[in-house]
There are 2 protein chains.
Amino acid sequence: MSINNNTIADIRKFNRFYTNILGLFDKHILDTGYSFTEARVLLEIGLLEQCIANNLVDKLKIDRSYMSRIIAKLSKDGLVIKENSTLDSRTSLIRLTPKGITIFNQINEKSNEQVMNLFRGLSEKEIKEIHTSMMFIQKKLDSLEGLQDDTI
Amino acid sequence: MSINNNTIADIRKFNRFYTNILGLFDKHILDTGYSFTEARVLLEIGLLEQCIANNLVDKLKIDRSYMSRIIAKLSKDGLVIKENSTLDSRTSLIRLTPKGITIFNQINEKSNEQVMNLFRGLSEKEIKEIHTSMMFIQKKLDSLEGLQDDTI
DNA sequence: TTTTTTTAGTGGACTATATCAACTAAAACT
DNA sequence: AGTTTTAGTTGATATAGTCCACTAAAAAAA
């Protein structure tokens with residue numbers, strides 16, 4: 001138990017603080033008229049360029065049937081198209097339509113804006129220090145994955 | 001626009017990374033048999049020691065009717081008690097029962113454990129540096145609240 | 001090659017989570 | 001006293017997510 005109680009309390013306080021930040025950050029997603037989950041699917045399709053439903057299920061850990069319905073909705077709304085795969089006719093290749101790309105870009109631009117807003121009022125030096133701190137935290141914690149991920 | 005695109009990308013990557021960390025962190029809450037929202041209410045009651053439903057509504061930004069049902073459930077399960085207020089008979093004073101305190105402590109201890117697990121494998125020096133980085137980020141960002149919190 | 005098993009996806013039924021609106025009763029204000 | 005506001009409850013409904021059974025095709029085994 002090499003880590004002391006005040007430090008733990010501080011870190012939990014930071015976690016609450018940053019949960020808040022992230023919550024405010026993501027709220028703009030809802031402006032699109034889609035839920036967080038739907039938006040996650042849309043963004044992932046945009047990143048993967050082309051994929052099948054199961055890729056998304058694995059990557060985003062969303063139930064297959066739920067994914068099926070989300071894709072159906074996005075497809076119905078004209079944000080994605082499903083093209084029958086010739087290699088495996090159980091599957092469809094999914095990708096964004098131009099309309100889907102528009103929303104994808106809109107979400108990304110808004111997310112960038114949010115980051116800029118967060119830093120508004122800070123000096124270049126301060127921003128650089130925060131950036132460095134974040135990269136440091138990520139580097140140190142990423143390597144371990146010391147969390148109990150009890151997914152069986 | 002003094003903040004460059006790579007920095008923004010890095011920070012968004014950090015945000016995704018930390019969202020993940022926080023998600024894994026909080027999962028243990030569900031072991032209690034209560035949802036995140038229910039647990040938030042329970043924890044808040046524990047922190048406030050004594051409160052009325054409306055305090056919780058304001059603090060946690062949860063709908064009144066939903067709050068009413070959550071408190072009813074916690075009360076039915078014997079985690080909180082509602083005592084009629086003599087000062088304002090529209091309200092009840094809510095506080096944790098011993099059983100509620102047990103769960104409150106259980107959640108807190110488990111949360112502390114999670115923090116310790118996260119740092120397992122890091123040296124004292126590294127932990128100290130991460131702690132410092134977090135406090136720095138919080139100090140810098142807390143003051144501004146530069147986010148567009150569009151809550152009307 | 002035929003049979004068996006696995007995989008991808010869909011749809012029905014359901015549960016859990018959350019919101020909205022109408023209402024009661026008490027408190028606060030005029 | 002009469003009116004308005006506030007605290008809380010309940011019914012109805014919406015939204016999000018899960019579970020299960022099923023179809024059809026692919027992959028593996030016989």
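Chain A is the first sequence line, chain B the second, and so forth, proteins listed ahead of strands; every chain is numbered from 1.
Of the candidates dA26(D), dT10(C), dT10(D), the closest approach to any side-chain atom of R90(A) belongs to dA26(D). For D88(B), the side-chain atoms get nearest to dA26(C) when compared with the rest of dA26(C), dG8(D), dG9(C). Here dC20(C) is the nucleotide among dG12(C), dG9(C), dC20(C) with the atom lying nearest to any side-chain atom of R69(B).
Nucleic acid contact for K73(B): none, since no nucleic acid atom lies under 4.0 Å from a heavy atom of the residue. Nucleic acid contact class of I62(B) (heavy atoms, under 4.0 Å, all strands): none. Residue-level contact check: S89(B) touches the backbone only, with heavy atoms under 4.0 Å from sugar-phosphate atoms and none from bases. Using a 4.0 Å heavy-atom criterion, one finds that K61(A) contacts no nucleic acid atom at all.
Taking atom CG on N84(B) and atom C1' on dG8(D), their separation rounds to 12 Å, with Å as the unit. We find that CG of D58(B) is positioned 11 Å from C1' of dA7(D), with the value rounded to whole Å. Residue N54(B) contributes atom CG, which lies 5 Å from atom P of dG8(D) at whole-angstrom precision. The NZ-P distance, from K82(B) to dA7(D), rounds to 15 Å in whole Å. In this entry the distance linking CG of N55(A) with P of dT7(C) reads 15 Å, nearest Å. Rounded to an integer number of Å, the gap from CE of M67(A) to P of dT7(C) is 18 Å. What separates CD of E83(A) from P of dA8(C) is a distance of 19 Å, to the nearest Å. Between R64(A) atom CZ and dG11(C) atom C1' there is a gap of 12 Å when expressed in whole angstrom units.
Of the two residues near DNA chain C, S65(A) and Y66(B), the one whose nearest nucleotide lies more 5' is S65(A). Checking F36(A) against T86(A), the closest nucleotide of DNA chain D that is more toward the 5' end is the one next to F36(A). Comparing L87(A) and I71(B) against DNA chain D, the residue whose closest nucleotide sits nearer the 5' end is I71(B).
Ionic pairing of K125(A) and E129(A) is present here: one or more N-O contacts between side-chain nitrogen and carboxylate oxygen are shorter than 4.0 angstrom.
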Please test L96(B) against L42(B) for side chain to side chain contact (heavy atoms under 4.5 Å, CB included), starting from the C-alpha separation and ending with a verdict. CA-CA 8 Å; L96(B) 297 185; L42(B) 185 87; 3.8 Å; yes
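How far NZ of K99(A) is from CD1 of I81(A): 13.5 Å, rounded to the nearest 0.5 Å. Here the CG atom belonging to N15(B) is positioned 5.0 Å from the CG atom belonging to L22(A), to the nearest 0.5 angstrom.
The cluster map of Ile, Leu, Val, Met, Phe, Trp and Tyr, joined by side-chain heavy atoms under 4.5 Å apart, puts L60(B) and L48(B) in the same cluster.
A sub-4.0 Å separation between OP1 or OP2 of dA18(C) and a side-chain N or O of T37(B) is present.
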